[in-house]
Amino acid sequence: MSRFPQSVGISIGLHALVAVLVIAVVNYHPAPIHLPPVNSELAHAIAVTLAPLHRPPPPKPQVKPTPQPKPKPQPPAIESQAAQAVEQTPPPAQKPSPPTLPQEQQLAPQQQATYEEIAEAILAANKRYPREALLNGTEGSVVLSYIVNNQGTVLAYTIEQSSGSPVLDDEVKRLIRSVRFPPFPAGDTDTRKDLEVTIEFTLKGNLTN
């Protein structure tokens, strides 16, 4: 029975001690700390705010413009060109029509030359007056007959009538051997032609046959 009152006393003592400590802590006031006065030079200092460094935004990527199709040139109006051409171009001068000849005065169409006439013209164009006959004043005419095939080649020739001058006769022989006649015209079915021509030599300069 003696132990119970002793424990109660200890418990009361402990509670009392705790209460004292709490009261002491609440009522404790530490001594104030005196700070040195602020420097007057710093009192007028201007507050500087450091702003963040401004960096320019990165350049935007350049976008190439889409090429627009070129408009097709419109063809000029045909009517305007035609009208302009009519205005600028003077009308062509009309040539006077030739006077109409009376029917009886109109020339008849020229008849086509025969092969014999063509051959005579070739002989006359290639004939030469021998120099010896010119110096001697010799004149004369030679009758020549010859045969020509359809290609214009002389197959044979004969002096039917002499001029009486060997110089003139020799010139005719040279002439018939040197000339070239054309072939027969189209539609001519002859295989050869027997022709005859009179070749004249005159001092008057008329060397035609």
Side-chain angles (χ1 to χ4, degrees), residues 70-209:
K70 295 182 178 179
K72 295 182 179 180
Q74 297 295 334
I78 298 177
E79 296 180 358
S80 62
Q81 288 184 355
Q84 185 176 4
V86 171
E87 293 177 0
Q88 295 181 358
T89 305
Q94 296 181 356
K95 296 181 179 180
S97 58
T100 305
L101 297 176
Q103 185 174 2
E104 59 272 7
Q105 294 182 1
Q106 292 182 359
L107 298 177
Q110 185 178 1
Q111 297 180 354
Q112 187 175 2
T114 63
Y115 189 84
E116 183 176 5
E117 293 173 346
I118 296 174
E120 290 180 3
I122 293 174
L123 291 172
N126 290 274
K127 180 179 63 175
R128 295 182 302 186
Y129 209 111
R131 181 178 178 80
E132 183 179 352
L134 286 174
L135 295 176
N136 295 331
T138 304
E139 296 180 343
S141 59
V142 179
V143 178
L144 173 70
S145 63
Y146 56 100
I147 302 173
V148 183
N149 63 7
N150 56 3
Q151 297 300 317
T153 303
V154 177
L155 301 178
Y157 67 90
T158 303
I159 295 179
E160 299 291 341
Q161 180 180 343
S162 173
S163 62
S165 170
V167 176
L168 298 179
D169 293 347
D170 291 342
E171 170 59 21
V172 172
K173 295 176 183 178
R174 181 205 65 80
L175 178 63
I176 193 62
R177 290 194 298 263
S178 62
V179 295
R180 295 290 182 270
F181 298 109
F184 293 172
D188 193 339
T189 58
D190 293 343
T191 58
R192 68 177 191 177
K193 292 182 182 295
D194 296 336
L195 304 176
E196 183 175 294
V197 61
T198 300
I199 302 175
E200 296 180 355
F201 296 90
T202 60
L203 297 176
K204 295 180 180 180
N206 185 10
L207 303 180
T208 56
N209 298 341

- Message: Could you tell me if the side chain of I122 sits less than 4.5 Å from the side chain of I118, heavy atoms only?
- Response: yes
- Taking C-beta and beyond as the side chain, do V142 and I159 meet within less than 4.5 Å on heavy atoms? yes
- Item | Spatial distance of atom CG (L195) from atom CD (E120) [nearest 0.5 Å] | 8.0 Å
- Query: So, for Y129 and T202, which heavy atoms are closest and what is the spacing to 0.1 Å?
  - Reply: CE1-O, 3.3 Å
- Quick one: CG on D194 to CG on L155, what's the gap to the nearest 0.5 Å? 9.5 Å
- Task: Name the orientation class of the two ring planes belonging to Y146 and F181 (parallel below 30°, tilted from 30 to 60°, perpendicular beyond 60°).
- Result: parallel
- Apply side chain to side chain contact (heavy atoms under 4.5 Å, CB included) to the pair D190 and Y115, showing each step before the final yes or no. CA-CA 11 Å; D190 293 343; Y115 189 84; over 6 Å; no
- Heavy-atom neighbours of E132 CD exceed 12 at 6.0 Å: no
- Would you find more than 12 non-hydrogen atoms of other residues, nucleotides or ligands less than 6.0 Å from R192 atom CZ? no
- Item | Donor-acceptor under 3.5 Å (T153 side chain, N149 main chain) | no
- Message: If you define the side chain from C-beta out and look only at heavy atoms, does anything of I199 sit under 4.5 Å from L175?
- Response: yes
- Task: For R131, look at atom CZ and say whether over 12 heavy atoms of other residues, nucleotides or ligands are found less than 6.0 Å away.
- Result: no
- Query: Counting distance only, does the side-chain N/O of E139 pair as donor-acceptor with the main-chain N or O of L203 below 3.5 Å?
  - Reply: yes
- Item | Check: K127 side chain, E200 main-chain N or O, donor-acceptor pair, under 3.5 Å | yes
- Task: Test side chain to side chain contact (heavy atoms under 4.5 Å, CB included) on L123 and V179 and set out the steps.
- Result: CA-CA 7 Å; L123 291 172; V179 295; 3.9 Å; yes
- Query: Are any of the side-chain heavy atoms of P130 and L168 separated by less than 4.5 Å?
  - Reply: yes
- Quick check: does any side chain N or O of D169 sit under 3.5 Å from a backbone N or O of S163, one acting as donor and the other as acceptor? yes
- Query: From S141 OG over to F201 CZ, what is the distance, rounded to the nearest 0.5 angstrom?
  - Reply: 9.5 Å
- Item | Backbone N/O of V143 and side chain of E196: donor-acceptor pair under 3.5 Å | no
